[in-house]
K.L.:
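This is the structure I want to talk about, given as structure tokens.
Residues take their numbers from the sequence shown, with the count starting at 1.
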Amino acid sequence: VPADWTSGYYLAVFRVTSGPDAGKTGFTPFIVEAPPGDHSAILVQVPTNTWEAYNTWGGEGIYTKPEAVKASFNRPYSHRLLFSWEYPLARFLERGGWDVAYTTDDAVDADPAILLGHALDMSAGHDEYWTSAMRTGWEAARDAGVNLAFMGADDGNWQIRYEDDRRTMVAYKYLADP
């Protein structure tokens, strides 16, 4: 996206233009993240790991039977959970004119220091799947005096890790992690 886009939630909408499914649509949400060095008053961590855990596109997800252990981010979404869990928060913050920027789970995993330098870090929605680096980053932000807010339930409940340069989430939720 162009560099002048505002940090936030966006939807890419896809429309079938020919064939028997012409006119049908699908979407993929994406986040325009805060630029490097951003020190907005509020930084919202978007729970992209949870989006993926609940995603059953292609037949398997962390919650299907049998349960998948690995979930690829390289697929569209078969659910609209963000509209229930996160959209109201984003609307509230943006309508209120708050100085807010957004980041994703995998970005915090890659650089937990992005949680520093804000007055408030918020975990949006149902943010239950975290890496150990994410938890360490949140604890470091807390210890540095950053205020923390968890705007959903079950936050940071399951430890996961990434493979394939953060394109695959590995979650041993129901099976023992070897």
K.L.:
Side chains of L148 and M122, heavy atoms from C-beta outward: is any pair under 4.5 Å?
P.N.:
no
K.L.:
For M169 and T48: C-alpha separation, side-chain torsions, deciding distance, then whether side chain to side chain contact (heavy atoms under 4.5 Å, CB included) applies.
P.N.:
CA-CA 10 Å; M169 182 178 81; T48 52; over 6 Å; no
K.L.:
Looking only at non-hydrogen atoms, find the nearest pair between V44 and A124 and report the distance.
P.N.:
CG1-CB, 3.7 Å
K.L.:
Hydrophobic clustering (ILVMFWY, side-chain heavy atoms < 4.5 Å, transitive) - are F30 and F14 grouped together?
P.N.:
no
K.L.:
Taking salt bridge (charged side-chain N to carboxylate O under 4.0 Å, His left out) as the definition, give me every residue that meets it alongside E86, ordered by chain and number, with sequence neighbours left out.
P.N.:
none
K.L.:
Taking N55 for its side chain and W57 for its backbone only, find out whether a donor-acceptor pair lies under 3.5 Å.
P.N.:
yes
K.L.:
CH2/W98 to OG/S40 distance, rounded to the nearest 0.5 angstrom?
P.N.:
12.5 Å
K.L.:
Can you tell me how far CD of E52 sits from CD1 of I160, rounded to the nearest 0.5 angstrom?
P.N.:
10.5 Å
K.L.:
Give a yes or no on whether a salt bridge exists between R161 and D177, defined as a side-chain N under 4.0 angstrom from a carboxylate O.
P.N.:
yes
K.L.:
Determine the interplanar angle of the W85 and Y54 rings, folded into 0 to 90°, and report it as parallel if under 30°, tilted if 30 to 60°, perpendicular if over 60°.
P.N.:
perpendicular
K.L.:
Do any N or O atoms from the side chain of R75 and from the backbone of S72 form a donor-acceptor pair under 3.5 angstrom?
P.N.:
yes
K.L.:
Would you say the side chains of S123 and Q45 form a donor-acceptor pair under 3.5 Å?
P.N.:
no
K.L.:
Mind checking whether F73 and W51 have ring centres under 6.0 Å apart?
P.N.:
no
K.L.:
If Ile, Leu, Val, Met, Phe, Trp and Tyr residues are connected whenever their side-chain heavy atoms lie under 4.5 Å apart, and connections chain through other members, are V32 and I42 in the same group?
P.N.:
no
K.L.:
Give a yes or no on whether the backbone of V46 and the side-chain of T104 come within a donor-acceptor separation of less than 3.5 Å.
P.N.:
no
K.L.:
Which heavy atom in A71 sits nearest to a heavy atom in I62, and how many Å separate them?
P.N.:
CB-CD1, 4.4 Å
K.L.:
Under a 4.5 Å side-chain heavy-atom rule over Ile, Leu, Val, Met, Phe, Trp and Tyr, are I114 and L116 clustered together?
P.N.:
no
K.L.:
Short question: side chain of T131, backbone of M134 - any donor-acceptor pair under 3.5 Å?
P.N.:
yes
K.L.:
Nearest 0.5 Å please: distance from the NZ atom of K70 over to the OH atom of Y172.
P.N.:
6.0 Å
K.L.:
Please assess L11 against F83 for the test side chain to side chain contact (heavy atoms under 4.5 Å, CB included), listing each intermediate value before the final yes or no.
P.N.:
CA-CA 11 Å; L11 291 177; F83 293 108; 3.6 Å; yes
K.L.:
Look up atom CH2 in W130 and atom OG1 in T136, then write down how far apart they are to the nearest 0.5 Å.
P.N.:
10.0 Å
K.L.:
Does any non-hydrogen side-chain atom of D154 lie less than 4.5 Å from one of N157?
P.N.:
yes
K.L.:
Should V146 and L115 count as side-chain neighbours, where that means a heavy-atom distance under 4.5 Å?
P.N.:
no
K.L.:
Specify the closest pair of heavy atoms between A68 and E60, including all atoms of both residues, with the distance to one decimal.
P.N.:
CB-OE1, 3.8 Å
K.L.:
Quick check: are there more than 12 heavy atoms from other residues, nucleotides or ligands sitting under 6.0 Å from OH of Y63?
P.N.:
yes
K.L.:
Supply the atom-to-atom distance T103 OG1 to D38 CG, rounded to the nearest 0.5 angstrom.
P.N.:
9.5 Å
K.L.:
Please list all pairs passing the salt bridge (charged side-chain N to carboxylate O under 4.0 Å, His left out) test where one or both residues lie in residues 119-133, with sequence neighbours left out.
P.N.:
E128-K173
K.L.:
Once rounded to the nearest 0.5 Å, what's the spacing between atom CE of M151 and atom NE2 of H126?
P.N.:
15.0 Å
K.L.:
Given the rule that I, L, V, M, F, W and Y join up when any side-chain heavy atoms are under 4.5 Å apart, are Y10 and Y102 in one cluster?
P.N.:
no
K.L.:
Counting only N and O atoms by type, is there a donor-acceptor contact under 3.5 Å from the side chain of H118 to the main-chain atoms of A41?
P.N.:
no
K.L.:
Is a side-chain N or O of N49 found less than 3.5 angstrom from the main chain of Y129, in a donor-acceptor match?
P.N.:
yes
K.L.:
Shortest non-hydrogen contact from A133 to D109?
P.N.:
CB-OD1, 3.5 Å
K.L.:
Stepwise, does the side chain to side chain contact (heavy atoms under 4.5 Å, CB included) test hold for F150 with W138?
P.N.:
CA-CA 11 Å; F150 299 90; W138 278 82; 3.8 Å; yes
K.L.:
As a quick check of understanding, evaluate side chain to side chain contact (heavy atoms under 4.5 Å, CB included) for L43 and L120, giving each step before the final call.
P.N.:
CA-CA 6 Å; L43 181 68; L120 172 64; over 6 Å; no
